[in-house]
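Have a look at the structure below before the remarks.
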Number of protein chains: 2
Amino acid sequence: MQPTLNTLEGLKVACSNCNLRELCMPTGFNKDEMQKLDEVVEKRRRVKQGEALFSSGEAFTSLYAIRTGFFKTCVISEDGREQVTGFQMAGEIIGMDGIVSDHHNCSAVALEDAEVCVMPFSDIENLSRELPGLQRHVHKIMSREIVRENGVMMLLGNMRAEERLAAFLLNLVQRLHARGLSQSELVLRMTREEIGSYLGLKLETVSRAFSKFSEEGIIEVKQRYVKIVAPDALKKIFNPQTYY
Amino acid sequence: MQPTLNTLEGLKVACSNCNLRELCMPTGFNKDEMQKLDEVVEKRRRVKQGEALFSSGEAFTSLYAIRTGFFKTCVISEDGREQVTGFQMAGEIIGMDGIVSDHHNCSAVALEDAEVCVMPFSDIENLSRELPGLQRHVHKIMSREIVRENGVMMLLGNMRAEERLAAFLLNLVQRLHARGLSQSELVLRMTREEIGSYLGLKLETVSRAFSKFSEEGIIEVKQRYVKIVAPDALKKIFNPQTYY
DNA sequence: GTATTCATTTGATTTGCGTCAAAGTTTTCT
DNA sequence: AGAAAACTTTGACGCAAATCAAATGAATAC
């Protein structure tokens, strides 16, 4: 480890004046509690595009709050098949897969240059014994991940290609919108192949579904740029029943 | 609610002399700590075959430790498609999906008459601030669920029908073996349709895969009874690479 | 600025699983 | 015990997505 390479020297690392606070930290703390919270963030770490924040099998030490950038998490089977298990953006917490065995079960790779807050898990555990609000927050974050994965299982087990892609796009744009970005335009940070891996499809199938949506006037696509022209049509594809 | 129907009166509810303790509770506690742990289990509750322990949308109050019986958990999409997200047996903890929103996101249905220990989550949170061992255990249980679901995503996204069924059987028999049962024989508690839902397959496909394994002499099947004759062959199907 | 690599699109063909159907078996109900 | 309902198996056929293939476009390196 070469901390000087990964740590941002001279930058005040503090949640209390971070504009992502409401996304990744619990709310409703007083000044004293907020100060303690600040100390959980040991340091920051930059991860270049294509690099791994952590890799499957590595010792688990910390959770990471994404400050900037975009990640994918993936598991690899023994015979080399890769499954993307999620895409994560600013304000989201990753690394919880490592708690159960003290080793990471998946890898987190930056899809664009990124910066994360390193939060040693033992510190989180210590402080969350003092601060019930933090304790509850940690529980909620893990529960949210369980619920998210339930949703992916529904996608993979029950939905057809176009339904999966519609759900994927709606989910992405909704999360970006929650971060102050457009609710109709987005630039994909991942390849068709990575989308396909996440959705249990081959890249050609993903490409065809994009083209189909485009032909139908539901979206406009130019490579990684996507504009959602008819969100209701997408929602209808994702969930036919609601629109009888 | 009719507590008298669900509570087992006159039974001493205590983890300290429960033979499943090592499966669902943390180890290494002294007498005093063990006694506190006992108090987390508010009561027990019986669930008849086919009944729901909790249902999607219901208010979340407690986690449940399965004492006897067998459950499935499932989510239902708005248009009515059901996805089985897991099968749970004695010693396993369910209900963590409800923490994030204070409402359950999935339903837990008993596949045979069952008995669970009801553990109010607020009590768990309170006590785990006192007992770091319990705190760590709660984190591990949730992390284990995340990791399990990662594995299911790999199954659903990358594997073919027979690989999925092989993985399913190996996983089931391994968990049963950890509970003192045979590592080669099992009686399925779920229908072909429920297996199919979990594995993202139709019941006919599951049935055909069973028949194929049977014809090849890998397993013996008679309805719900399954005997694994050639476990290595199953492992090879699940994970071709390892056996070059 | 050109070459090389990587990503995407689109077409032709194949295939694994789904769908439909019917018969057999087991369990449940009366 | 007998009838009804639920579950399972097996076969024939269809289709959605995978595979194979080739061309185009974009990004990166030299």
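The shown structure was predicted, so the numbers you read here are calculated from the model rather than taken from an experiment. Letters A, B, ... are given to chains in the order of the sequence lines, protein chains preceding strands, and every chain is numbered from 1.
- One can place OH of Tyr225(B) at 15 Å from P of dT27(C), the figure rounded to the nearest angstrom.
- The interatomic distance linking Leu188(A) (CG) with dA7(C) (C1') rounds to 13 Å, in whole Å.
- The pair Glu51(B)-Arg46(B) fails the salt-bridge criterion, with no side-chain N (NZ, NE, NH1 or NH2) lying under 4.0 Å from an Asp/Glu carboxylate O.
- The interatomic distance linking Glu194(B) (CD) with dA6(D) (P) rounds to 14 Å, in whole Å.
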- Encode nucleotides 12-30 of chain D as B, S and - characters from 5' to 3', where the letter depends on protein heavy atoms closer than 4.0 Å: B to the base, S only to sugar-phosphate, - to neither. B----SSBB-----S----

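- Listed by first then second residue, pairs satisfying side-chain hydrogen bond (donor to acceptor under 3.5 Å, both in side chains) with a partner in residues 221-230 of chain B read Glu185(B)-Tyr225(B), not counting sequence neighbours.
- Distance CD (Glu193(A)) to C1' (dT9(C)): 15 Å, rounded to an integer number of Å.
- Rounded to an integer number of Å, the gap from CE of Met190(A) to P of dT8(C) is 11 Å.
- Under the 4.5 Å side-chain criterion, counting only non-hydrogen atoms from C-beta, Leu172(B) is in contact with Met190(B).
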In a table with atom names and distances, give each donor-acceptor pair under 3.5 Å that connects a side chain of residues 197-205 of chain A to protein atoms at least two apart or in another chain.
residue	atom	partner	partner atom	Å
Ser197(A)	OG	Glu82(A)	O	3.3
Ser197(A)	OG	Val84(A)	N	2.8
Tyr198(A)	OH	Arg148(A)	NH1	3.3

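- You'll find the ring centres of Tyr64(A) and Phe54(A) inside the 6.0 Å limit.
- The side-chain contact (heavy atoms from CB on, under 4.5 Å) search around Leu170(B) returns Leu234(B), Lys235(B), Phe238(B), not counting sequence neighbours.
- In this view, Ser182(B) and Ser184(B) satisfy the side-chain hydrogen bond (donor to acceptor under 3.5 Å, both in side chains) rule, not counting sequence neighbours.
- A cation-pi arrangement is present between Arg192(A) and Phe210(A), with the terminal nitrogen or guanidinium carbon under 6.0 Å from the aromatic centre and inside a 45° cone about the axis.
- Phosphate proximity of dA7(C) to Ser207(A): absent, as no side-chain N or O sits under 4.0 Å from OP1 or OP2.
- Rounded to whole Å, atom C1' of dT9(D) lies 16 Å from atom NZ of Lys212(B).
- Classification of Glu92(B) and Arg144(B) as a salt-bridged pair fails, no side-chain N sitting under 4.0 Å from a carboxylate O.
- For the helix from dG1(C)-dC30(D) to dT30(C)-dA1(D), the rotation axes defined at the first and last 5 base pairs enclose an angle of 60°, given to the nearest 10°.
- The nearest whole Å value for the distance from the CG atom in Leu156(A) to the P atom in dC17(C) is 15 Å.
- Whole-Å rounding puts the Phe213(A) CZ to dT9(C) P distance at 13 Å.
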